[in-house]
Enquirer: 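Shown below is the structure under consideration.
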Amino acid sequence: MTAPTTAPVSVADIRKSFLDFFASKGHTVVPSSPLVPGNDPTLMFTNSGMVQFKDVFLGTDKRPYVRAASVQACLRAGGKHNDLENVGYTARHHTFFEMLGNWSFGDYFKRESLKWGWELLTEVYKLPKERLLATVYHEDDEAFDIWTKEIGLPPERVIRIGDNKGGKYKSDNFWMMADTGPCGPCSEIFYDHGPHIPGGPPGSPDEDGDRFIEIWNHVFMQFDMKEDGSVVPLPAPCVDTGMGLERLAAILQHVHSNYQIDIFAALIEAAARETHTSDLANPSLKVIADHIRATAFLVSDGVIPSNEGRGYVQRRIVRRAIRHGYKLGQKTPFFHKLVPVLVRLMGAAYPNLARQESRIVEVLKAEEERFYETLANGMEILDAALAGGQTVLPGDVAFKLHDTYGFPLDLTNDVCRERGVAVDEAGFQAAMERQKAQARAAGKFKMDKALEYGGAGNQFVGYERLEAPGKIVALYLDGTPVAALKSGQSGVVVLDSTPFYAESGGQVGDEGLISAGSARFAVADTQKIKADVYGHHGTVEQGTLNVGDAVNAQVNTAQRAATVRNHSATHLMHKALREVLGDHVQQKGSLVNAERTRFDFAHNAPLSDEQVRRIEALVNAEILANAATQARLMDIESAQKTGAMMLFGEKYGDTVRVLDIGSSRELCGGTHVTRTGDIGLFKVVGEGGVAAGVRRIEAVTGENALAYLQSLESTVAQAAGALKAPASELTARVGQTLEQIKALEKEIAALKGKLASSQGDELLGRAVDVKGLKVLAATLDGADAKTLRDTMDKLKDKLKSAAIVLAAVDGGKVQLAAGVTADSVGKVKAGELVNFVAQQVGGKGGGKPDMAMAGGTDPSGLAKALASVQGWVAERV
């Protein structure tokens with residue numbers, strides 16, 4: 001077999017030549033979409049090139065082109081697609097990878113797709129034809145004939161793959177978007193790495209070997225899968241292909257492992273430098289090289305390490321990389337130092353990565369520093385878990401350390417080994433599998449069952465007017481099309497023309513009334529059925545609505561007016577946030593309704609009072625300027641040239657709406673005020689964190705702002721009345737009251753101390769001599785933790801050689817303190833003693849040999865527990 005001849009071999013060259021090739025075939029080159037899918041709650045991450053086109057395949061969106069090509073950044077590290085633990089130990093497992101793809105939306109089909117694929121591989125990339133083979137679905141004679149009769153691939157190198165997963169259409173070569181919906185056969189192209197590599201061809205018993213590697217899959221969506229498992233032809237068959245860039249690069253660069261291609265070689269070398277590792281073949285370096293790509297791209301797309309959702313997956317990947325650095329002996333932050341190398345390698349292809357370089361470094365460095373602290377915290381938790389003297393650490397405890405506190409299992413094993421304690425790894429793995437099963441269930445792709453609507457799109461006239469005539473073109477009752485909706489029934493109305501705004505971009509859908517003669521339909525919400533079809537959700541209050549009826553559609557004007565005030569203020573607030581806090585501020589979500597605006601944005605610290613006041617001042621200055629609002633429709637490229645802000649992660653069509661409000665310019669399809677002065681007044685009413693690196697600010701406008709200020713004024717008046725002070729002197733009077741409270745608290749603490757001291761003196765006579773050691777176990781009424789500690793110190797001073805346990809009960813909770821004098825800690829440990837008592841009252845604890853604290857939840861067992869102290873001590877002295 002011959003090796004590939006000269007061809008574009010660098011990863012950068014492969015990207016460019018792929019896109020250039022398909023551009024020459026009439027494809028529109030589409031940029032990579034973010035790793036966080038826009039407006040798609042069914043997916044955690046973008047895991048294939050087709051994700052950004054999913055709405056097109058589902059029929060809910062249209063594009064101005066019918067052929068597309070892209071190089072898509074993908075992530076598979078959570079939910080159904082999760083091979084995280086394999087990354088670094090195999091030749092082709094990755095968290096982050098790039099997918100080359102081309103698509104046809106009802107245009108060309110199998111013949112063009114397969115022929116162009118063959119042309120690109122053999123004529124542009126110069127792959128030897130004898131090293132390529134293909135698979136087809138066993139019933140797909142059309143694809144088989146194209147390969148063998150038109151392209152000329154020998155029949156023995158075109159393998160038919162049957163239904164090998166149990167049931168009709170359950171095949172590796174039959175692709176389905178979900179349990180129902182678009183589906184069809186696929187044809188995969190494989191590359192033969194040669195007989196010196198173990199493994200057999202696809203469909204053989206040895207197909208899992210590494211000799212024959214799939215490089216390109218051509219999916220032919222030609223059917224619609226029904227609930228009963230039957231399929232019907234789609235009216236406009238589509239093509240969806242995907243080819244792994246890293247796999248192709250390995251072939252073209254004459255290496256077997258993806259980790260040997262140019263981009264990984266550079267990252268591995270950088271990782272070795274930062275971890276002071278000389279062995280470049282160490283798997284830990286591969287892990288670090290893979291994970292810097294995933295984590296850096298996630299940060300650039302707004303995913304910050306946290307304890308839930310996407311942020312949790314991000315945190316796991318970051319900490320796995322740091323753990324492997326730790327295994328290499330790196331005990332200080334190093335991971336973030338790889339970001340500049342990554343930007344140099346990939347920043348040209350992904351400009352957003354380059355723009356956010358400093359922020360990515362900042363976020364990863366902060367997470368590293370936090371994790372090194374976590375390692376110390378994990379040690380404390382592990383110490384407490386082992387304080388009882390057990391010989392096996394339970395698997396669920398080891399998993400909790402790993403999962404909740406980020407404490408790796410290998411470190412848990414190391415610590416336990418030093419102390420002669422085994423780890424229940426079977427229990428750990430069982431807990432891990434339970435979590436994976438939950439993640440798979442949560443991440444499973446299920447297509448939403450939308451209303452079935454096949455008619456024309458409706459015309460939205462709600463920018464110009466709030467009342468307009470229309471005609472009913474569809475009605476739905478319980479999700480099913482009907483000819484009429486009767487009085488009392490709730491359903492969905494679709495009109496040919498509507499002034500109602502459908503929920504989008506954070507703005508809620510309009511409410512209002514649709515009437516036809518005496519029939520009245522109260523609209524409670526408006527939602528999109530498709531990109532250009534609005535569904536009016538509500539209830540028939542009287543009469544009957546019929547398909548074909550002429551109607552009058554009237555939006556609730558008061559609600560719309562309040563909503564647009566808040567929406568327009570959101571644009572001004574977004575600009576003010578970037579002005580006050582910096583350009584790193586990115587929108588991470590919003591909700592705009594008639595009551596208020598809620599805006600989530602990327603920022604790492606709480607806003608100060610001064611920053612909030614500056615934001616309010618900037619927005620209200622724009623309102624006072626009373627500038628006219630302007631909206632313009634233009635193509636996306638022209639919009640970008642105007643400097644209009646685009647919300648990263650949003651989906652934009654070929655034609656966009658550019659909105660100027662004051663000095664703010666953004667792409668937005670929402671409804672807005674005519675002039676900034678219509679907003680009236682802007683007031684921030686709340687600010688806080690919603691996730692690591694994400695803040696939320698809430699604000700009100702117009703009448704709601706006035707009501708908020710009047711409520712505050714009333715609250716101040718009530719507080720002033722309660723403190724018998726004028727409102728102007730309220731701050732001083734509150735300060736005086738707090739000083740009085742502090743003085744009283746000190747007085748109470750002093751009295752408690754005196755009471756405890758007197759009780760302590762009374763307890764001296766109750767100490768029992770056990771082989772020369774005074775043992776005392778008693779309850780101290782009314783004591784808090786500080787009083788227990790202070791009394792303990794006094795008793796130790798007076799008893800000289802002693803082991804003491806003091807307890808207090810408050811509100812159903814038990815507080816315990818154990819103390820051992822310095823001359824006796826060699827025989828009795830305070831941490832072990834307090835843990836012994838705590839376990840009898842529903843708690844556990846630990847601490848230093850001479851002083852330890854614990855708590856419990858079962859006061860009923862306290863008397864017996866204290867009585868057992870003397871015997872426990874006697875066994876040890």
Side-chain angles (χ1 to χ4, degrees), residues 3-21 32 49 70-77 83 86-101 120-121 124-128 131-132 189-194 196-197 210-217 242-274 277 279-297 321 324 338-350 353:
T5 57
T6 303
V9 292
S10 75
V11 167
D13 286 340
I14 296 169
R15 284 194 206 100
K16 183 178 185 305
S17 56
F18 178 85
L19 295 176
D20 288 348
F21 176 83
S32 172
S70 76
V71 181
Q72 174 66 49
C74 300
L75 191 82
R76 293 184 179 177
D83 294 314
N86 293 322
V87 172
Y89 294 95
T90 67
R92 275 167 287 279
H93 275 112
H94 300 291
T95 52
F96 175 95
F97 61 97
E98 297 177 82
M99 185 72 80
L100 308 169
L120 178 66
L121 292 177
V124 177
Y125 293 133
K126 308 292 186 183
L127 293 184
R131 285 205 171 203
L132 298 174
I189 303 174
F190 283 75
Y191 181 80
D192 181 359
H193 276 277
H196 62 290
I197 303 292
D210 277 348
R211 175 176 173 178
F212 296 90
I213 299 300
E214 176 204 338
I215 55 174
W216 203 350
N217 190 13
M243 176 162 55
L245 175 55
E246 293 81 3
R247 292 189 178 196
L248 180 60
I251 294 168
L252 294 177
Q253 294 177 18
H254 312 301
V255 295
H256 183 62
S257 168
N258 291 0
Y259 289 96
Q260 294 173 295
I261 65 176
D262 58 345
I263 197 166
F264 273 113
L267 289 171
I268 287 171
E269 184 179 338
R273 181 179 66 249
E274 296 301 338
T277 304
D279 179 13
L280 295 181
N282 192 302
S284 290
L285 294 178
K286 297 177 186 177
V287 172
I288 295 166
D290 172 275
H291 289 7
I292 191 61
R293 298 210 304 170
T295 56
F297 271 82
H324 279 272
L338 303 180
V339 173
V341 179
L342 178 66
V343 170
R344 176 173 56 80
L345 293 166
M346 301 186 71
Y350 297 93
L353 183 76

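All heavy atoms count here, side chains included; hydrogens, waters and symmetry mates do not. Values in this document were obtained by computation on a predicted structure and should not be read as measured data.
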Enquirer: Where is the tightest heavy-atom contact between Ala296 and Leu342, given as atom of each residue plus distance?
Expert: CB-CD2, 3.4 Å

Enquirer: So which heavy atom on Leu338 is nearest to which on Ala271, and how close?
Expert: CD2-N, 3.7 Å

Enquirer: As an exercise, state the distance from CZ of Phe21 to NZ of Lys16, rounded to the nearest 0.5 Å.
Expert: 14.0 Å

Enquirer: Just wondering, do His193 and Asp210 contact through their side chains at under 4.5 Å, heavy atoms?
Expert: no

Enquirer: Show which side-chain atoms of residues 243-251 pair as donor or acceptor with protein atoms under 3.5 Å away, not counting sequence neighbours.
Expert:
unit_1	atom_1	unit_2	atom_2	d
Glu246	OE1	Glu98	N	3.4
Glu246	OE2	Glu98	N	3.0
Glu246	OE2	Arg293	NH2	2.8
Arg247	NH1	Glu214	O	2.8

Enquirer: Looking only at heavy atoms, what is the nearest atom pair of Leu285 and Leu280, with distance?
Expert: CD1-CA, 3.8 Å

Enquirer: First locate atom CG of Leu267, then atom CZ of Arg344, and finally report the distance between them rounded to the nearest 0.5 Å.
Expert: 8.5 Å

Enquirer: Parallel, tilted or perpendicular: which describes the rings of Phe297 and Tyr350, with under 30° parallel and over 60° perpendicular?
Expert: perpendicular

Enquirer: Less than 4.5 Å apart, any side-chain heavy atom of Ile292 and any of Phe96?
Expert: no

Enquirer: Can you see which heavy atom on Gln260 is nearest to which on Ala265, and at what distance?
Expert: O-CB, 4.5 Å

Enquirer: Check Ser284 against His324 and note the closest heavy-atom contact, atom names and distance.
Expert: OG-ND1, 2.8 Å

Enquirer: If I compare all heavy atoms of Met99 with all of Cys74, which pair ends up nearest, and what's the gap?
Expert: CB-SG, 3.8 Å

Enquirer: Looking at side-chain heavy atoms only, is the closest gap between Asp13 and Leu252 below 4.5 Å?
Expert: no

Enquirer: Can you tell me how far apart CD1 (Ile14) and CD1 (Ile261) are? Round to the nearest 0.5 Å.
Expert: 7.5 Å

Enquirer: side-chain contact (heavy atoms from CB on, under 4.5 Å) for Val124 and Asp20? Distances and angles first, verdict last.
Expert: CA-CA 11 Å; Val124 177; Asp20 288 348; over 6 Å; no

Enquirer: Step by step, work out the side-chain contact (heavy atoms from CB on, under 4.5 Å) result for Trp216 and Leu120.
Expert: CA-CA 11 Å; Trp216 203 350; Leu120 178 66; 3.7 Å; yes

Enquirer: Can you tell me how far the NE2 atom of His196 sits from the CZ atom of Arg211, to the nearest 0.5 Å?
Expert: 9.0 Å

Enquirer: Go through Met346 and Ile263 one step at a time and tell me if the side-chain contact (heavy atoms from CB on, under 4.5 Å) criterion holds.
Expert: CA-CA 9 Å; Met346 301 186 71; Ile263 197 166; 3.4 Å; yes

Enquirer: Do the side chain of Tyr259 and the main chain of Val287 share a donor and acceptor less than 3.5 angstrom apart?
Expert: no

Enquirer: Could you work out, with ring pair (Phe, Tyr, Trp, His ring centres under 6.0 Å) as the rule, every residue matching Phe190, not counting sequence neighbours?
Expert: none

Enquirer: Applying salt bridge (Lys or Arg N to Asp or Glu O under 4.0 Å), name anything that partners Asp262, two or more places apart in sequence or on another chain.
Expert: none

Enquirer: Using 0.5 Å steps for rounding, measure from the CD1 atom of Ile215 to the CG atom of Leu100.
Expert: 10.5 Å

Enquirer: How long is the straight-line distance from NE2 of His256 back to CD1 of Ile213, given to the nearest 0.5 Å?
Expert: 6.0 Å

Enquirer: Below 4.5 Å, heavy atoms only, C-beta onward: do Val341 and Arg273 meet side chain to side chain?
Expert: yes

